[in-house]
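No experiment lies behind these values; they were computed from the predicted model shown.
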Amino acid sequence: MRWITLFLGVAILAGVASVVIVMRHDRPVSHVTGVGSTSSARPSGPSSPTASAFTDPCGTFDTTTPTPYAVTGYWLVPTADRCTWRRQLQAIHKVGGDTVVRLGFGLSPRRTDEETGQIMDKEGAKADARYGVCKENDLSCVRAAEKDLVAANPGNRITWTYVYRTDEQFGQGIFRCPTMERKIVVGSAVFYRLIAPEDGSDDATCDFSSKGRNYHMILISAGATDSLTELLDLGDRFGIRVFPALPLAPRDPANSTRADPRHIGTLTTLTRRVLQDYGSRFGGRESLGGVYQPFELQLRDWPDPSKVQTLQVYAEQHLIVEQELPGKPILVSPYLDARRKVKFTATPKQVARGFKALAKTGVEIIAPQDGRGTGKVGLFWPNWKNKDVDDRLKIVNGVGESTYASAYYGGTRDYYREMAQARQELASEGVEVQLWANVEAFEPSTPEESNTPKCGTQATRSRTDKSRLDTQVTLAGPYVSKIISYMWSDFFTCGSPSLSGEITEDWDRPIAIQAVRQARQIQEGLEVRGYHLGSAKVTLNWTGLDTPRVVDSASVGWHDATPNEGLPHGVEKIWIPVDWATVPSDVWVRIEISSPDGRKAAEPVYYKNTG
């Protein structure tokens, strides 16, 4: 997912008074309290929207939530059409979404033309028209800044010029030295000129005259209106928390997957200024859920994390967040790569070690991409290892015609289980971090002959279907405290019906996430955890059983919809009696769940009866 457009704590239920015997391949992890004041390790959004409906120039919008789904957070792409955002947040809220993550923009070092002072494009080949509009008294904004600096002291110089494009506007909090920094409006174009010492100190004395110094200039191309204010207002309306993106670090020219540490000083300066402004304008807003670290990296076991460029940049940038927006968590969504036949991939245990290193950069929420959309990780159970991979994965480099065992070091569930264990170990060391799952709502590609629609700006990728999304929820299982998805636009909105439309029509289909052997009082049985399990029928099957066993939980079982600490909102549990003496040892018991109207869960869960 790192190359296409652009949440933790896991836990299992604190024990019922009876003995629980868990399957060794799918063991639950004890809960550790989540970050800050969050309960059940998920952000507690506004208790309810501000009204049941509201009307504005974009139309009338309903703020009720009639079809809540297991996925409760989504990425959003910036858009110039604010009515699109209103429609998107209404639709997200309708399916139970309480979180949106906003993709953002990158800080970019640029050359300037020696004669005119015009800012050049990324390649340095020609003037960048976006910033060419910026003029003061007939001078380019770079030349005007140089003139003002030299007037303060002839020894002052601009040694680096940076640009940052955004659709936000800022208040006075963006400025540290108003005598040298300013908002520049040219017609409908809005710019902000920031000047900071090149050493990254962002000197608060604003002394430009006592001695000559070298400075960096950051020219921000801003929006005509402030998109973040509008998103937060919508968040208040719909009870949704917004995670705006931090400025994205410049990439290393030698390896674009790495952040370039040479620009840490300027990046932290821009981050400090932006967050100071957020703090002064939005610090008390519930709808500001936190901030998103948009520079992606692969989770792996680094021999020396202190030497990893991207982690270095993370740590410096995240320290600024802690200083300027205390109490607001940082969310990061690294990617996994489990492919055996590709270099620099990682086993589940190696990823767990990488998870620990990442957590120590100051993030509070880690939402690893589950990897199914890109095909870098497969959705399979331990007893499926020798099955052929899904046909839609065969086109993926390093997968091809193979079994899951030969293609991957482990499945989605293996990786989340190990990261959950790592999260628990971190908590014992005093490092609190939440583990969310980011389930990818797309396929590796769209075959030309397929009728599946390609989605807007997503090149050859197509959105997936609800059945596979349900399966992803199942496989992430009991190891995460919240499930979010990349991304709403365009993968949930394209096609007819759209993926969001499929969810609306089939929102209450059961989804099981785990089964454990569980006694209740003096009776042996099985507890199943998942979504929409009330009155479900449970079918048990295993190799050698002639007729599957069907149990009506509404008649002979027990249903508990009480929220489960450490598990995502909406997870319930049902219990049914099982005579384990009649179940052979060491068999994998396949557990299928059906709703009262006959709809079967997209994916069964498995329990290995170890006796």
Side-chain angles (χ1 to χ4, degrees), residues 7-14 28-45 70-75 97-101 240-246 286 288-294 296-297 299 314 318 321-322 325-336 351-370 412-413 415-439 473 476-486 513 563-571:
F7 182 66
L8 250 209
V10 95
I12 211 60
L13 302 170
V29 182
S30 61
H31 175 67
V32 179
T33 303
V35 173
S37 62
T38 57
S39 62
S40 301
R42 62 187 296 269
S44 52
V71 177
T72 55
Y74 301 89
W75 265 260
D98 60 14
T99 303
V100 295
V101 185
I240 290 176
R241 291 198 169 188
V242 179
F243 283 71
L246 294 171
E286 269 197 284
L288 180 61
V291 292
Y292 166 53
Q293 169 56 264
E296 293 185 6
L297 86 167
L299 270 184
Y314 273 16
H318 297 168
V321 180
E322 181 183 342
L325 279 181
K328 297 294 186 181
I330 302 166
L331 178 151
V332 65
S333 186
Y335 63 95
L336 309 176
V351 160
R353 292 192 285 270
F355 181 93
K356 288 184 175 183
L358 176 55
K360 293 176 182 178
T361 68
V363 297
E364 289 93 350
I365 303 168
I366 303 178
Q369 303 162 26
D370 74 341
T412 296
R413 202 170 183 89
Y415 282 89
Y416 282 106
R417 183 175 61 246
E418 292 294 337
M419 288 186 287
Q421 181 62 40
R423 193 210 66 83
Q424 181 180 346
E425 292 168 2
L426 284 166
S428 69
E429 301 170 16
V431 179
E432 295 288 350
V433 65
Q434 298 180 39
L435 174 60
W436 296 1
N438 172 9
V439 295
V473 171
Y479 302 112
V480 301
S481 58
K482 187 177 178 70
I483 299 175
I484 59 177
S485 183
Y486 186 91
I513 63 171
N564 295 271
E565 187 177 12
L567 294 178
H569 179 70
V571 170

Nearest 0.5 Å, please: how far is [atom2] in [Y] from [atom1] in [X]?
X    : Y    : atom1 : atom2 : value
N438 : D370 : CG    : CG    : 7.0 Å
Y415 : L299 : OH    : CG    : 10.5 Å
T99  : I483 : OG1   : CD1   : 12.5 Å
Q369 : I484 : CD    : CD1   : 9.5 Å
F243 : K328 : CZ    : NZ    : 8.5 Å

At their closest point, which heavy atom of [X] faces which heavy atom of [Y], and how far apart are they?
X    : Y    : value
A422 : F355 : CB-CD2, 4.0 Å
P368 : Y416 : O-OH, 2.6 Å
V291 : V321 : CG2-CG1, 3.8 Å
G362 : I330 : O-CD1, 3.7 Å
I240 : G97  : CG1-O, 3.6 Å
E418 : A352 : O-CB, 3.6 Å

Evaluate the side-chain proximity of [Y] to [X]: yes if any heavy-atom separation is below 4.5 Å, no if none is.
X    : Y    : value
R413 : P478 : yes
M419 : V351 : yes
L288 : P244 : yes
V363 : H318 : yes

Would the distance check show the side chain of [X] and the main-chain N or O of [Y] forming a donor-acceptor pair, the cut-off being under 3.5 Å?
X    : Y    : answer
Y314 : K360 : no
R241 : D98  : no
S481 : G566 : no

Task: Test salt bridge (charged side-chain N to carboxylate O under 4.0 Å, His left out) applied to E425 - qualifying residues, sequence neighbours left out - done: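 For E425 the salt bridge (charged side-chain N to carboxylate O under 4.0 Å, His left out) partners, ignoring immediate neighbours, are K356.
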TODO: Output all residues satisfying side chain to side chain contact (heavy atoms under 4.5 Å, CB included) with A359, sequence neighbours left out; order by chain, then residue number.
DONE: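 A359 satisfies side chain to side chain contact (heavy atoms under 4.5 Å, CB included) with I366, L426, V431, V433 once adjacent residues are dropped.
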Task: Y74: ring-ring contact (aromatic ring centres under 6.0 Å, His included) partners, not counting sequence neighbours - done: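 Residues passing ring-ring contact (aromatic ring centres under 6.0 Å, His included) with Y74: W488, F492.
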Open item on the list: Assess the residue pair L358 and Q293 against the criterion (side-chain contact (heavy atoms from CB on, under 4.5 Å)); give the C-alpha distance rounded to whole Å, side-chain angles, the decisive distance to 0.1 Å, and a yes or no.
Closed with: CA-CA 12 Å; L358 176 55; Q293 169 56 264; over 6 Å; no
